[in-house]
Number of protein chains: 2
Amino acid sequence: MARVTIQDVAQAANVSPSSVSNFLNDRQDRMVAATRDRIEAAIAELGYRPNRAARQLRNGKSQTVGLVVPSVGNPFWGAFAHEVEIAALALGCSVLLCNSERDPDRERRYVEELWEDGVRSIILCTSLPSLDHVSHVISEGLRLVTFDRPAQPHDPESVVSISVDNNVGGHVATTHLLELGHTNIAFVSGSIRSVNRSARYRGYCDAIEAAGLNVADMPHWAGLEADQFGDVEASELGRAAALELFADRATAPTAVVAINDMTALGFCRGLRDMGLKVGQDVSVIGFDDIILADLYDPPLTTVRQPITRMAQLAVSEAVERGSSESTDPGSSVLLRPELVVRESTALYANTISDSFLHVPATP
Amino acid sequence: MARVTIQDVAQAANVSPSSVSNFLNDRQDRMVAATRDRIEAAIAELGYRPNRAARQLRNGKSQTVGLVVPSVGNPFWGAFAHEVEIAALALGCSVLLCNSERDPDRERRYVEELWEDGVRSIILCTSLPSLDHVSHVISEGLRLVTFDRPAQPHDPESVVSISVDNNVGGHVATTHLLELGHTNIAFVSGSIRSVNRSARYRGYCDAIEAAGLNVADMPHWAGLEADQFGDVEASELGRAAALELFADRATAPTAVVAINDMTALGFCRGLRDMGLKVGQDVSVIGFDDIILADLYDPPLTTVRQPITRMAQLAVSEAVERGSSESTDPGSSVLLRPELVVRESTALYANTISDSFLHVPATP
DNA sequence: TAGTGTCAGTGCATCGTTACACCGACGACG
DNA sequence: CGTCGTCGGTGTAACGATGCACTGACACTA
């Protein structure tokens, strides 16, 4: 059961290893049909599979795509990683998984390491405003696809971005709450020093102002000590936000736009700690539509990201850039998010419930 | 910025490449201290990093550990993958991610492919009773660590298993409900043709009988068409179970042991569909303690798996088997799960609520 | 002093694949 | 008929690391 090499195939097909190599690397124009068929048959018969290590050693590239996410422990990123793996498999690639924990330094180290290990395509899920920390690798030829981070003016030319249109996402979410009659709508985000978060916030602001309201009047909860929380802990953040925003019932909002579903869920949990009912006392809308959104009680209204499609796009941009239907380098794909209305948002008219007005202050 | 090779280091240190190789491969006894220091200095100065592809080509092994999970889209597996990556990083390894979708054939294909690509250590999260589908690779020398699947009598000798003690887990969960006074306790599992699930079921049965009750009197919901559902869909399964078990209120249980948290959450969602309140009308206990368990409303009582510890064990068994403190080959590590009481379980005495008795039948 | 052993370090073939440079044969063209 | 171009295919030197088999120097022993 020793390994079948290209030599074995060559021998079986009565050609030189070079020809087999030519066959494998799409230079079939260089040979007559009969030869091609013999090689093909030999490969099939011997069950030959090229040795990745040798290939990679020889030409410095690997068939692996690097995936750098903040943390697969977060259900959104877990789901995305799942979709990426499926898409990569379809293209014959493996996925090397890295968790950056949203640490720019880890991002850089991972990207450098992957590059040095021959990985030439990386899907980087970052939302840092600048790509300076990895630009030196890009300039050496790395195919970088950023996810969840639209292209920025100063990005290196070759970078492709796949993202949802966060601006319209934030707008859609906020408009939904406005249409339900809410006029005191908080934005809960943690730090927004990231391009996707600030875009969502902009969408929120635009919607508020378009409704003739003043953003300055709305509570904006932007985290504890800046960036103290990583990604899995988004829910902790939401929870903390709820406790803080509802400490004073007089000024508390009746509706909340959360930066993502995990934060929204944490917020709901915090509301519960304070004896408030989501979708009754307070309307909460999330972002992402993770599997848990539909499972929650009440099911969470949210803005869905089409992650399957996005994962496919990201992988195909990463591994087959330059092929027929691929995007131009430097382009940015912005997919349209979709509002999913469930039960965590309700008419403002129904919001002023007994429980809201008479609930005792928490200790 | 060309690659620094072992030759460059050798030249800089005034030794032969062989000596550098010796240095790198723990054969430092073969050289005098001064030489060692020179090599060390040269490596540091040039920033040398061994080329993985070349290494792998030469000796057929890679520094990568393969991780085969049912689906990283499932928050439990996502969290586990996260921990595995952290543990692997600490040991200088990368993690290659594969989703088996619980399909034995995909498991086999992935394992074979990883093996052929030089991966010599695989953490396989399977719960298939037999390892026959991968035993041929094991016999060639693969270091296989199974996770969430205790060793079975017919397993190949070299396999190490890391798992929680599912039997006591099931027992602890059930006992908790019994202690709350429940006597009609359902078991919701989907197919239990997997060793961990059947162990949990056994623990459940033991506890029921130890309480002087009869397992035959308890509802056991074991899935729709056997195995129709994958892993992410565990929640769908739970939801379906709820609708079915509570179709007839007369025989419906007052408490439920779910096979895992996702199923439990789905079950809660189903209960909600029927107008029932978890932790009030019905007590529900899960298994795993995923991050969402604490976030849920009501927070889910569950049996926690110590995944950080388990991931560390799995990785260290996979990559450094044979080292000092490692387990004997063929051993099985069973960690103790921990009951986490939250609010989805309640005293039976409090269970017979108005809403339970008078809720209208759903259409 | 010849013989044996140990120590520190090196030469070289090798892993499987690739692509450049080459080669022979045949056809066409001036 | 000689020459050139093209086609189909091959030889070979890498890519970078490894470890066996070896060597030269020195020490110790009989």
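Every chain is numbered from 1 and lettered A, B, ... according to where its sequence line falls, protein lines coming before strand lines.
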Between A/D8 and A/R3, does any NZ, NE, NH1 or NH2 come within less than 4.0 Å of an OD or OE carboxylate oxygen? no
For the pair made of CG in B/D117 and C1' in C/dT17, what is the distance, rounded to whole Å? 14 Å
Rounded to whole angstroms, how far apart are CD on B/E116 and C1' on C/dC15? 16 Å
What N/O pairs connect the protein and nucleotides 9-16 of chain D at under 3.5 Å? Give each pair on its own line.
{"unit_1": "D/dG9", "atom_1": "OP1", "unit_2": "A/T35", "atom_2": "OG1", "d": "2.4"}
{"unit_1": "D/dG9", "atom_1": "OP2", "unit_2": "A/V32", "atom_2": "N", "d": "2.8"}
{"unit_1": "D/dG9", "atom_1": "OP2", "unit_2": "A/T35", "atom_2": "OG1", "d": "3.3"}
{"unit_1": "D/dT10", "atom_1": "OP2", "unit_2": "A/S16", "atom_2": "N", "d": "3.0"}
{"unit_1": "D/dT10", "atom_1": "OP2", "unit_2": "A/S16", "atom_2": "OG", "d": "3.1"}
{"unit_1": "D/dT10", "atom_1": "OP2", "unit_2": "A/S19", "atom_2": "OG", "d": "2.6"}
{"unit_1": "D/dG11", "atom_1": "N7", "unit_2": "A/S18", "atom_2": "OG", "d": "3.2"}
{"unit_1": "D/dG11", "atom_1": "O6", "unit_2": "A/S18", "atom_2": "OG", "d": "2.9"}
{"unit_1": "D/dA14", "atom_1": "N3", "unit_2": "A/R58", "atom_2": "NH1", "d": "3.2"}
{"unit_1": "D/dG16", "atom_1": "N2", "unit_2": "B/A54", "atom_2": "O", "d": "3.4"}

Tell me: CG of A/L24 to C1' of C/dT17, nearest whole Å? 9 Å
Is the closest side-chain heavy-atom distance between A/L96 and A/E113 below 4.5 Å? no
Evaluation steps, salt bridge (Lys or Arg N to Asp or Glu O under 4.0 Å), between B/E112 and B/R108: CA-CA 6 Å; B/E112 284 174 357; B/R108 181 185 52 73; 3.3 Å; yes
Parallel, tilted or perpendicular: rings of A/F147 and A/F80 (30°, 60°): parallel
Between A/E40 and A/R36, is there a salt bridge with N-O shorter than 4.0 Å? no
Atom NZ of B/K61 to atom C1' of D/dA17: distance rounded to whole Å? 15 Å
Partners passing side-chain hydrogen bond (donor to acceptor under 3.5 Å, both in side chains) against A/T146 (at least two apart in sequence or in another chain): A/S161
In whole angstrom, give the distance that lies between atom CD1 of B/I39 and atom P of C/dA8. 13 Å
